[in-house]
Amino acid sequence: MSVLDAPAASGPRASRPAGGTELIPVLVRLKLALLRNGLRQSAGRRAVYIASVVATLLIALGQLVGLIALRGNAHAGSLVVLLAAVLAVGWAVMPLFFAAGDETLDPSRLVMLPLRPRPLITALLVSSLVGIGPLFTLCLAAGSVTALAHGAGAVAFAVLAAPLTLLVCVALARAVATANTRLLTSRKGRDLAVLSGLVIAVGIQGVNFGIQRLSRAGGLSALDPAADVVHWLPPASAIGSVDSASQGAYGRAAVQLLLSVAALVVLLALWRRSLEKLMTEPDGSTLSAAEPARTKSGTDGSGFWALLPEGRTGTVMQRSLRYVARDPKTKAAWVTALAIGLIVPLFNALQGTGSLYFACFGAGMLGIQMYNQFGQDTSAFWMVALTISSTRDAYLELRARALALLLITLPYTVLVAVVTAAVLGDWAALPGVVGLSFALLGAMLATGAVASARFPYSIPQDGAFKNVAPGQAGLAWISIFGGMVSAALLCSPVIGLTVWLHLDDAENRLWLLLPVGAVYGALIAWAGLRVAAPRTADRLPEILTAVSKG
């Protein structure tokens, strides 16, 4: 790549930083090359990636057709304006907490290259437009303006509004990501980012409740009050300008469009300022760190750690629990799961529309933490792999990791069920809900162990915004969602028993689900660990290669 070779260049061009027009094709080709090389690693990875791309495109096309079908609806403007606002919020927060897998968009990779911020921003912005995410956003923007454009003037505004919406979203994501590079790459700073998981959890529930209120209101007219405010906020104002132009209010439409243009200019300026700071100011890694050694409690096997079993089981459990307490990305995943697992059933109960069986959601959210167990170790997994020489070693490793997870999930599951039952006043169904939650948790431990052995993927530690290595995002989604579907199927006997007891008006026997669910969950988890153990032992080289990609 010419960018990577720039420091070693010779001649008169060597002393002149690369310009924006020269950088654009380089970064675009670099992005495509990274994706292509990631897909070349295996046919399975290509199949998974293609499946995820096809699914995303089908959803985007469905949204596009649905938005176009709203054309002529009196309240279509309110819906699409709010949709643009939600889309912008998603672009702002998703790169910080979900898989990005794009090395070209991590500015810390480019710090040592002879590049000026202004042309670098231009090239990064263009390369950011290459991908399935921008295409999905463009489809939604195109569908939104199509639903609103009536008349030649509105069409002219629509032609400008759709790409402007996409540019504002992408610039917002890059500005937020660059501004938080130092924060999220430092350990203490990344710990602070855990709190943002709570914000996301509450925001998701806010959207959920908004949809519920919309359904109860009986139409899109319930969105009008919120849209009257949001259509002045970029980038939703760009979409709102098309609606204003359709109504003949060209002055208002011009102001709304200019607001989005101004927002784009401000975001690019903030992005440039953050990039200059990142590329010129030293961070903690360049400063002296000669602090006196401190003795930390809990490292000598005393206190809580003394309660764990001896031998390999206790050692692995302690390691897994320390990951939860110390590794920023692992901690963020756990805090988000704990928050959403409680918020969903509790908020539904407070609205009076929930069921006690929503408490099973808490068990499901924590069960997801069993997936990709080896990816959490990253490249350090080689030290674990050295201790696995047989199927029994693999079984003990997986069992200890599952036991560490159960130390948190079992009391948490009971707590969520009890709190939800207290809000709803439905104490009679509590034993059955807890039993069903135990069965679900056991099934997810089983499928999580198998998925960890069959579909491992890397969690990069050197980038603030990547939870999956390039080319592995589709693999991660297939692993998690495939495992969740399998867990639901494994739970079908207990689910069927629950339904039968309700249909047979035998609520007084729902307490039987508690022992049945607990025993069934334990047995299915044991079976899953037994199935995953030989796969883990046999696939150690492949697992080590997969989890070390970051």
**Complete:** Between Cys360 and Val433, the two heavy atoms sitting closest are SG-O, 4.0 Å
**Close side-chain approach of Phe455 and Asn372, heavy atoms under 4.5 Å** = no
**Heavy-atom closest pair, residues Leu501 and Arg509** = CD1-O, 3.9 Å
**Asked** Within a strict 4.5 Å, meaning less than it, do heavy atoms of the Tyr395 and Thr536 side chains meet?
**Response** no
**Message:** Please determine whether the number of non-hydrogen atoms from other residues, nucleotides or ligands lying under 6.0 Å from atom CZ of Arg539 exceeds 12.
**Reply:** yes
**Message:** Can a side-chain donor-acceptor contact be found between Thr447 and Tyr371 if the only test is distance below 3.5 angstrom?
**Reply:** yes
**Complete:** d(Trp382 CH2, Asp377 CG) to nearest 0.5 Å is 12.5 Å
**Item:** Point-to-point distance, once rounded to the nearest 0.5 Å, from OG1 of Thr391 to CZ of Arg535
**Value:** 12.0 Å
**Request:** Look up atom CG in Leu342 and atom OG1 in Thr420, then write down how far apart they are to the nearest 0.5 Å.
**Result:** 7.0 Å
**Message:** Within the structure provided, determine whether Leu135 and Leu57 are in side-chain contact (heavy-atom separation under 4.5 Å).
**Reply:** yes
**Prompt:** Under 3.5 Å, is there a donor-acceptor pair between the side chain of Ser452 and the main chain of Gln373?
**Reply:** yes
**Message:** A side-chain contact here means heavy atoms from C-beta on lying under 4.5 Å apart; do Val416 and Pro345 qualify?
**Reply:** yes
**Request:** Looking only at non-hydrogen atoms, find the nearest pair between Ala359 and Ala417 and report the distance.
**Result:** CB-CA, 3.8 Å
**Message:** Quick check: do Leu140 and Leu64 have side-chain heavy atoms less than 4.5 Å from each other?
**Reply:** no
**Prompt:** Roughly how far, to the nearest 0.5 Å, is CG of Leu440 from CD1 of Ile524?
**Reply:** 12.0 Å
**Item:** Closest approach of Ala537 to Ala394 (non-hydrogen atoms, all atoms of both residues)
**Value:** N-CB, 4.1 Å
**Message:** Under a 3.5 Å distance rule, please check whether Lys331 uses its side chain to pair with a backbone N or O of Val324 as donor and acceptor.
**Reply:** no
**Item:** Phe358 vs Ser355 side-chain heavy atoms within contact, under 4.5 Å
**Value:** yes
**Asked** So, Glu397 and Arg319, do they make that salt bridge, N to O below 4.0 Å?
**Response** yes
**Complete:** Looking only at heavy atoms, the pair that brings Leu430 and Val418 closest together is CD1-N, 4.0 Å
**Gap between atom SG of Cys169 and atom CG of Leu129 - 0.5 Å precision** = 11.0 Å
**Request:** Keeping the roles fixed (side chain from Tyr412, backbone from Leu338), state whether a donor-acceptor pair exists under 3.5 Å.
**Result:** yes
**Request:** Check whether any side-chain N or O of Thr313 sits under 3.5 Å from a backbone N or O of Pro309 as a donor-acceptor pair, and report yes or no.
**Result:** no
**Message:** For Trp427, is the CH2 atom crowded, meaning more than 12 foreign heavy atoms sit under 6.0 Å from it?
**Reply:** yes
**Request:** Side-chain contact test, heavy atoms from C-beta onward, threshold under 4.5 Å: evaluate it for Val176 versus Trp91 and give yes or no.
**Result:** no
**Prompt:** Any side-chain heavy atom of Trp334 within less than 4.5 Å of one from Leu366?
**Reply:** yes
**Fill in**
Between the CG atom in Leu356 and the CG atom in Leu510, the distance rounded to the nearest 0.5 Å is 10.0 Å
**Prompt:** Does a donor on one side chain and an acceptor on the other come within less than 3.5 Å for Arg312 and Thr387?
**Reply:** yes
